[in-house]
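The sequence lines fix the lettering, A, B, ..., with proteins before strands; numbering per chain opens at 1.
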There are 2 protein chains.
Amino acid sequence: MFAVSAEETLRRTQAERTAQSDALMLQSAIRLIVARGTAGTHLKDVGESAGYSRGLASYRFGNKAGLFTFIVHSVGDDWLRELSAAVREKNGLPAILAATDAHYRFVVEAADRIRAFYILWFDSIGPDTGLKNVIANVHQRRRADVEAWIRAGITSGNVRSDVDVRSIAEQFCASIIGIVYQWLLISRVEKHIFELHEGLKRQMISALALNSNKS
Amino acid sequence: MFAVSAEETLRRTQAERTAQSDALMLQSAIRLIVARGTAGTHLKDVGESAGYSRGLASYRFGNKAGLFTFIVHSVGDDWLRELSAAVREKNGLPAILAATDAHYRFVVEAADRIRAFYILWFDSIGPDTGLKNVIANVHQRRRADVEAWIRAGITSGNVRSDVDVRSIAEQFCASIIGIVYQWLLISRVEKHIFELHEGLKRQMISALALNSNKS
DNA sequence: GGGCATTTACTTGTTGCAAACAAGTAATAT
DNA sequence: ATATTACTTGTTTGCAACAAGTAAATGCCC
């Protein structure tokens, strides 16, 4: 029997099936989070608006925390990859300035996935949602990257050697968080957020550049 | 009939009754938010753990958003009052440094109310929870205060006159938000958060002080 | 390669619980 | 004594969570 025409075409492996339903539900969830917030995003809706049954999201992710963790992982990994592509082999101050520019670009692109990602980011602040650990890790990785850039800049001589690396890296990450917060709070973006990123760059230059007025 | 002995002692006005139940439920809600997060805080529990019925919180605040708005108003007003007391008649750089120190003190005191306040602050980031507007207003007021300090510092001559006031004020507020975020994320506070505040002060000094290396 | 057992993907049925509101009772005010 | 305000209890609705079912894909022995 090789006359199974129609059925043959829509036969997919199990891996493909889950990959597809994961992807569709991811998209749906992102749209819902951006539109209604985390509290207004119901697992039921996630499954149904992805074209499946009301129960699939529950079954796949277990609960809301599981769904949110999945989203943060998916988007966060992409994001970190794109960021390190933007920085490439740079180090020291150029790396930090490139990262800041890249961040600005991500934010003004205003892709729903970035917005949803950061909504979840801030949402996870409460106590012991497994999500909190995931995000704390992303945060640590980010800070470690910045520290590495600064240290590399010191050895290659484009950053002055008397800075407190850890402290500057934390300051940088804290500023990014603050900028993102403002972006999510007031939706009219553009110029405003641009200025915040430019200010952050100036601040990093004055903290790290060689020709500084360190008394 | 003036033999109403016992009853006479516990007679309160209606205003006193609501004031007391408001206060008790406020405390309960703060404890619950810190312990279980916003999603895990049920109106039912707020009423009951304050010594009332399961329905009172619903009745008084309407819904969860109403409760959260009430908390942000209560704590936020106290907070702004304490902050402006710490700054007093200072202006310019001294005002900003004093505000930063005061903020550090509030945070390390780690009073539950501050923690709950900021948890709600970050929680309100999603779309159009009436709470978002409340918090956007607090945020605006805060930024306006900082701008006013800087401007006053310029006229009284302790801040250099070529700074972009608005931009610096936003940078400052963004940094504060970022610091608070880190505080909520990693609970071991002390030294770490202290350093972040000190770094912010240094940054503001380099942005605003008169004897600067503006090329 | 074809048919049967196993595993994996997804759906539907059910329970429990909280939010929201309605209708009641108790306390204070006029 | 009546009206108003504070609070409680009853009821509905809707989602999350899980259990038990069906459908699709895979492994296996021939």
Derivation and outcome, salt bridge (charged side-chain N to carboxylate O under 4.0 Å, His left out), residues A/K191 and B/E170: CA-CA 13 Å; A/K191 200 118 185 68; B/E170 278 174 347; over 6 Å; no
Full working for salt bridge (charged side-chain N to carboxylate O under 4.0 Å, His left out) between B/E147 and B/R151: CA-CA 6 Å; B/E147 280 190 41; B/R151 278 191 232 284; 2.6 Å; yes
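Every residue meeting the ring pair (Phe, Tyr, Trp, His ring centres under 6.0 Å) condition with A/H197, not counting sequence neighbours, appears here in chain and number order: A/H103, A/Y104. In this structure, A/R17 has no salt bridge (Lys or Arg N to Asp or Glu O under 4.0 Å) partners at least two apart in sequence or on a different chain. Partners of B/S28 by side chain to side chain donor-acceptor pair (under 3.5 Å), not counting sequence neighbours, listed by chain and number: B/S49.
In this structure, the CZ atom of B/F68 is 12 Å from the C1' atom of C/dA19, given to the nearest Å. For the pair B/E16 CD and D/dA6 P, the interatomic distance rounds to 12 Å; values are reported in whole Å. At whole-Å resolution of the value, NZ in A/K44 and P in C/dT12 are 14 Å apart. Atom CG of A/D45 and atom C1' of D/dG14 are 11 Å apart (whole Å). If you take CZ of B/R36 and C1' of C/dA18, they are 13 Å apart, rounded to a whole angstrom. Here C/dC10 presents its C1' atom at 14 Å from CD of A/E48, a figure rounded to the nearest Å. Remark: P of C/dT8 and CG of A/L56 are 16 Å apart, rounded to the nearest angstrom. Taking atom CD of A/Q20 as the reference point, atom P of D/dA24 lies 15 Å away to the nearest angstrom.
Sorted by first and then second residue, the pairs that involve residues 59-71 of chain A and meet side-chain hydrogen bond (donor to acceptor under 3.5 Å, both in side chains), not counting sequence neighbours, are A/S21-A/R60, A/D22-A/R60.
Seen from the ring of A/W79, A/R142 counts as a face-on cation partner, given the 6.0 Å and 45° thresholds. By the 6.0 Å and 45° rule, A/R115 stacks over the aromatic ring of A/W183.
For the pair B/L93 and B/V159, the tightest heavy-atom approach, listed with the atom from each and the gap, is N-CG2, 3.8 Å.
Residue-to-nucleotide proximity on DNA chain C shows that, of B/T41 and A/R60, the 5′-proximal contact is made by A/R60.
Residue B/H42 has no polar side-chain atom (N or O) positioned under 4.0 Å from OP1 or OP2 of C/dC17.
Listed nucleotides C/dT11, D/dC7, D/dA16 differ in distance to B/S21; the shortest reach to its side chain belongs to D/dC7.
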Could you list all N or O pairs between the protein and nucleotides 27-30 of chain C that sit under 3.5 Å apart?
unit_1: C/dT28; atom_1: OP1; unit_2: B/R12; atom_2: N; d: 3.2
unit_1: C/dT28; atom_1: OP1; unit_2: B/R12; atom_2: O; d: 3.3

Pairs under 3.5 Å (N/O, protein and nucleotides 20-25 of chain C):
none

